[in-house]
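Structure first, commentary second.
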2 protein chains.
Amino acid sequence: MQKLTLKKIAKELDVSISTVSKALSDSHEISKDTRQKIQAFAKLYNYRPNNIALSLKNKKTKTLGVIIPEIVHHFFTTVVSGIEKVANERGYNVIIGLSNESFSKEVINMDMLANGSIDGFIISVARETQLKKDFHHLHETINQGMPIVMFDRVLPEIACDKVVVDDAEGARKAVLNLIDAGCRNIGIITTEDHVSVGKLRTGGYEAALKERNIPLDEGFELKLKDELNEEENIEELAKVIATYLKDHPAIDGIFAVNEIYALSAMKAARYLGKHIPKDLKVIGFTDGMLSKYATPSLTTVSQHGKLLGEKAAFLLIERLEKDHLEPPFETIIVETELVERESTKQF
Amino acid sequence: MQKLTLKKIAKELDVSISTVSKALSDSHEISKDTRQKIQAFAKLYNYRPNNIALSLKNKKTKTLGVIIPEIVHHFFTTVVSGIEKVANERGYNVIIGLSNESFSKEVINMDMLANGSIDGFIISVARETQLKKDFHHLHETINQGMPIVMFDRVLPEIACDKVVVDDAEGARKAVLNLIDAGCRNIGIITTEDHVSVGKLRTGGYEAALKERNIPLDEGFELKLKDELNEEENIEELAKVIATYLKDHPAIDGIFAVNEIYALSAMKAARYLGKHIPKDLKVIGFTDGMLSKYATPSLTTVSQHGKLLGEKAAFLLIERLEKDHLEPPFETIIVETELVERESTKQF
DNA sequence: TTGTAGGCGTTATCAC
DNA sequence: GTGATAACGCCTACAA
């Protein structure tokens, strides 16, 4: 019971292939009789046109390539769900490629997909790519006429549509919230500078302090090495933060650029016998499961990942269907939202 | 700067298409001279064969279709990462389709992919599909010669390769652990019966009690309605569990069939002033982030999702490449592992 | 050593 | 109203 094709239908009903094709698209060129006969037959044996053949003919695959650094990651996962939603609504499929934060895997994955498998990319670049600043694969892709939409970790060097979280503003609002809650010595736990979003969030932190005339204390900025993000270094992470908190006993508020850092900060505070939120208030970035279920539950800056994914897919599909690959390009900023929970409660 | 094709190279170098094709596959039919010339040209302009054309010709797409109920879900996400790893190693791409636990979305998604876009499926069926027991889409797919590998939520009614977690045994080990830790009145928080894994885990729970001659108390089994799994019902969930715990004050151990239920049980216990693990020990199923970062950290049954995904991809690719679609089919059981943390510590 | 022709499944154009 | 033909990009058996 192999797949049915136009050819087989044609042979079976003793008509030509093109007659079948036309009949199935309900063309008025074909007599009502033959049309109905062919349609009935096709329906009975559940004929479906072969996507691959259509792709070859139309030079459109109706599938989007999504390249993300990691899939076991709540934020990216929400973005993908948003992409998938819009893609599906508009008849597109979604192929996922994982870079694992590696430059070469990102390149290989894109190469694999760029050769006809997809119509366009939605990508959040790997950390290593940001570090190396080697963007040849992105340039080549665009030069070949394949549109790219970047999200979250975007590159100013690349001319394409972008969807970003309002990182700086989200961080600013978070830090202002800490200040309003009475914190005066606010620390930040962030990533190394090459991670664009880490840098932006740090910028927002600094802006908020400046705005309220709180002097910036360099020592209050803790930049954590990339290696500490590995799963097996959970304990190590908390220890590093504990040391930092001990070295700066005045700190009464922490803004962390992600959930894990925030939770680790809470754990570290617990080691030191500090009560949260009484002695130390904490705000994280990325509103995932962890924040919701933590004890105390964690106040976070929600990024609306799903919405972000929807916008990215929308942007890409619009560009594809309008067949308009030239500038101007759009950058959509998705607003963040402060979700207040127990870790910043006032007494 | 459009994509380069054999045709264009042929015209450019004034040879025939087949010469180019042969030269690029380094065929000895072609003289060393022309071969080198063509290869150099192709390399210079970065020629890549078009995947779609290859797929059409070879009737192989080298891509796997993965259908899962949800992507914002740690377990499925780890499985996908395992699938992606093996797929990539063997030159396959991965298309993701989300069913959102809906029967019709599952059918639509599979239909969309089954028409040539992929070579085979890896699927964990939607809750609604298990409930409806309508498997026509799966049967049709298999009848058309497209192999399926089912994982986690598998159906005995379908003849295909399967990869499952050792649910019953994992549950049994967990409950035995509770008993050994001194619990005598052990409750279970589980799903409705139509969820296959919920049922299996409940079976393991009952087996463990029987094994240790602890009488089964029907009232100790709390079956939670599907609706309570929705995000917005977090608080509701904890309340239902709190009522249950209050109604059965003797309970000193809880086995929950997933992370959320386990965490909600801990929250409920906290409402009631019960100390964990002193008054109540808790074990969950699914070793995700939440368990690791909970306070107290949660003892769980780890399912090794990534390994499971790797096995599933391996099974599918093997079957595809051996071009052997007939029985016998294989069922691989991935062992679970009890990860002991604070929620079951003895005093 | 190189080139021609046919076919994978589809649709569109043009001829009958 | 129906059918033959070409084309999408590739590969390969078979000529030349």
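Protein chains get the first letters and strands the later ones, always in sequence-line order, with residue 1 at the start of each. Here the structure is a predicted model, which is why all the values come from computation and not from measurement. Just so you know, these numbers use all the heavy atoms, side chains as well, and skip hydrogens, waters and symmetry mates.
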How are the rings of A:F75 and A:H73 set to each other: parallel, tilted or perpendicular (split at 30° and 60°)?
-> perpendicular
Rounded off to whole Å, could you give me the [atom1]-to-[atom2] distance for the [X] and [N] pair?
X: A:L24; N: C:dT11; atom1: CG; atom2: P; value: 8 Å
X: B:N58; N: D:dC11; atom1: CG; atom2: P; value: 8 Å
X: B:I52; N: C:dG7; atom1: CD1; atom2: P; value: 22 Å
X: B:D33; N: C:dT2; atom1: CG; atom2: C1'; value: 14 Å
X: A:I17; N: C:dT11; atom1: CD1; atom2: P; value: 11 Å
X: A:K11; N: C:dG9; atom1: NZ; atom2: P; value: 12 Å
X: B:E29; N: D:dA16; atom1: CD; atom2: P; value: 16 Å
X: B:K8; N: D:dC8; atom1: NZ; atom2: C1'; value: 11 Å

Would you mind classifying the nucleic acid contact of [X] as base, sugar-phosphate or nothing, using non-hydrogen atoms under 4.0 angstrom?
X: B:L56; result: base
X: B:K22; result: base
X: B:L6; result: sugar-phosphate
X: A:L54; result: sugar-phosphate
X: B:S55; result: nothing
X: B:T5; result: sugar-phosphate

Taking only N and O in the side chain of [X], is any of them less than 4.0 Å away from OP1 or OP2 of [N]?
X: A:S21; N: C:dT11; result: yes
X: B:K7; N: D:dC8; result: yes
X: A:K59; N: D:dG9; result: yes
X: A:T19; N: D:dT2; result: no
X: B:Y47; N: D:dC10; result: yes

When you measure from the side chain of B:R127 to the backbone N and O of B:E101, does any donor-acceptor pair fall under 3.5 Å?
-> no
Check for a donor-acceptor pair, side chain of B:K105 on one end and backbone N or O of B:P69 on the other, with a separation under 3.5 Å.
-> no
When you match B:A53 and B:H28 each to their closest nucleotide on DNA chain C, which lands nearer the 5' end?
-> B:H28
Starting at the 5' end of DNA chain C, which residue's closest nucleotide do you reach first, B:S31 or B:K57?
-> B:S31
Partner of B:P147 by side chain to side chain contact (heavy atoms under 4.5 Å, CB included), out of B:L316, B:D119, B:I142, B:T141 | B:L316
Between A:S16 and A:S18, do the side chains contain an N or O donor and an N or O acceptor separated by less than 3.5 Å?
-> yes
Tell me which nucleotide among [options] gets nearest to the side chain of [X].
X: A:S18; options: D:dG9, C:dT4, D:dA4; answer: D:dA4
X: A:T34; options: D:dG9, C:dG9, D:dT2; answer: D:dT2
X: A:V15; options: D:dG3, C:dT11, C:dC8; answer: D:dG3

Determine, step by step, whether B:R319 and B:F329 satisfy the side-chain contact (heavy atoms from CB on, under 4.5 Å) criterion, reporting the C-alpha distance in whole Å, the side-chain angles of both residues, the deciding distance to 0.1 Å, and the verdict.
-> CA-CA 10 Å; B:R319 206 168 270 280; B:F329 295 108; 3.4 Å; yes
Tell me which of B:P49 and A:I30 sits closer to the 5' end of DNA chain D, going by the nucleotide each one is nearest to.
-> A:I30
